[in-house]
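Step one of this worksheet: look at the structure below.
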Amino acid sequence: MDAGASGEPSSERERAGDGASRRVPEGQAPEEYGDHRGRGDHDDHDHHRSRWPLIAAVGAGGLYIGFGGYIFGRVTDIVPPVIGVALAVVGTIVLLTGIAGWVEQAFLAPARDAQGAPKSRQSYVSTTLLFLATDVSTFGALFVYYFFVRVGTWPPEELPPLLGSLVAINTALLVTSSVTFHFAHEALESDDRRRFLGLLGTTLALGAVFLAGQAYEYYEFVTAEGFTLTSGIFGSAFFGLTGLHGLHVTLGVGGIAVLCWRAIQGQYGPERDTSVATVSLYWHFVDAVWLFLVAVLYVGATVTV
């Protein structure tokens, strides 16, 4: 029967927005729809083309090169360290701009436009996995640098007391946040909106407290121990790895904050979880990297061979 003959007022009829005869209610984001097992139908690949990931990658490259240039300048005096600082600042701005544009285009804009083009869940999840795979190489480069340092004379003179209650608390916070995120997603799949909101908000709070704990750890190292980025090769490895991880946690907290805002707007459901799934993958990755970092950098640095 024709939809116009159904007798329902046009203002109350639900619009089909997923390309698979599934109705998308008024005011809800169509990009979240698609087969929950990752088989969204009639995926239009043109809608997935974006310049923002490239911009973010260029910014990240500038940040890393600037960071390396600063250390190189401090050690050799061949290049003024201020050039590295300036490049790192510009790179950070470009990186954050790219990420903000990516989030706006991929998630926020479709959420405001209920008639926007549908997006495949599989496409976003696959892209996130690809990003995380490339991100492993970023951390891997710094870990290789640390391992190179580690096989030299050990322990270095600038080694501070790394193990303590603070790193244990921070680790517990991050692991717990990964658990709460997992069960928040499960609650969403069970259509338990209240539990989903509570667990997602808890995840956001735990991530923010972790960042505060890491900032306090830096403060203690710098003021009480005199241990800084320029405290020898171990100092550069330590702050490089923990700082890079802290940047990832900061971006993750921002992503979870966006999820919380959209969740309060009622834009998620059992079959509308694309951005929840992608941010969840990212957060679990950040958690796994932290556990490896603690084992290798914090605990491993105290082991003499």
Side-chain angles (χ1 to χ4, degrees), residues 27-32 45-67 85-114 116-121 123-139 177 181 200-201 203-208 210-212 214-215 243-268 272-287 289:
Q28 292 179 339
E31 98 283 1
E32 299 292 343
H45 293 286
D46 288 337
H47 291 293
H48 299 302
R49 296 175 182 173
S50 173
R51 66 182 183 276
W52 295 114
L54 178 60
I55 292 175
V58 170
L63 171 61
Y64 301 149
I65 293 173
F67 177 74
V85 173
L87 184 57
V89 170
V90 173
T92 300
I93 294 173
V94 174
L95 171 62
L96 295 178
T97 300
I99 292 174
W102 196 356
V103 171
E104 164 67 20
Q105 184 182 61
F107 299 122
L108 299 183
R112 294 192 298 267
D113 182 11
K119 305 292 192 297
S120 166
R121 182 183 194 272
S123 176
Y124 281 114
V125 171
S126 300
T127 302
T128 301
L129 290 173
L130 181 61
F131 165 75
L132 295 179
T134 58
D135 209 26
V136 169
S137 63
T138 303
F139 280 100
S177 71
F181 206 155
L200 191 63
T203 304
L204 177 62
L206 290 170
F210 172 87
L211 287 175
Q214 188 170 36
L244 179 63
H245 181 266
L247 173 63
H248 279 72
V249 174
T250 301
L251 297 176
V253 168
I256 296 172
V258 173
L259 295 185
C260 287
W261 175 77
R262 290 190 59 183
I264 293 173
Q265 305 299 315
Q267 295 176 359
Y268 296 119
R272 302 186 306 279
D273 69 336
T274 299
S275 53
V276 176
T278 53
V279 176
S280 176
L281 285 172
Y282 175 86
W283 193 252
H284 294 324
F285 169 79
V286 168
D287 187 13
V289 170

Query raised in the report: Distance from Thr92 atom OG1 to Leu87 atom CG, nearest 0.5 Å?
Result: 9.0 Å
Query raised in the report: How are the rings of His245 and Phe210 set to each other: parallel, tilted or perpendicular (split at 30° and 60°)?
Result: perpendicular
Query raised in the report: How far does CG of Asp273 sit from OG1 of Thr278, to the nearest 0.5 angstrom?
Result: 9.0 Å
Query raised in the report: If you measure from OH on Tyr268 to CG on Leu200, what distance do you get to the nearest 0.5 Å?
Result: 8.0 Å
Report task. Applying side chain to side chain contact (heavy atoms under 4.5 Å, CB included) between Val279 and each of Val258, Ile256, Leu251, report the one that passes. Result -> Ile256
Query raised in the report: Do Leu247 and Leu63 have side chains that get closer than 4.5 Å, going by heavy atoms?
Result: yes
Report summary line: Closest non-hydrogen atoms of Ser275 and Arg262, given as atom of the first, atom of the second and distance, are OG-NH1, 3.7 Å
Query raised in the report: Considering all heavy atoms of both residues, which atom of Phe181 and which atom of His284 are nearest to each other, and what is their separation?
Result: CB-CE1, 4.4 Å
Report summary line: Between Thr203 and Ser177 the two heavy atoms that sit nearest each other are CG2-O, 3.5 Å
Requested in this report: Please report the shortest heavy-atom distance between Cys260 and Leu204, naming the atom on each side.
Outcome: SG-CD2, 4.0 Å
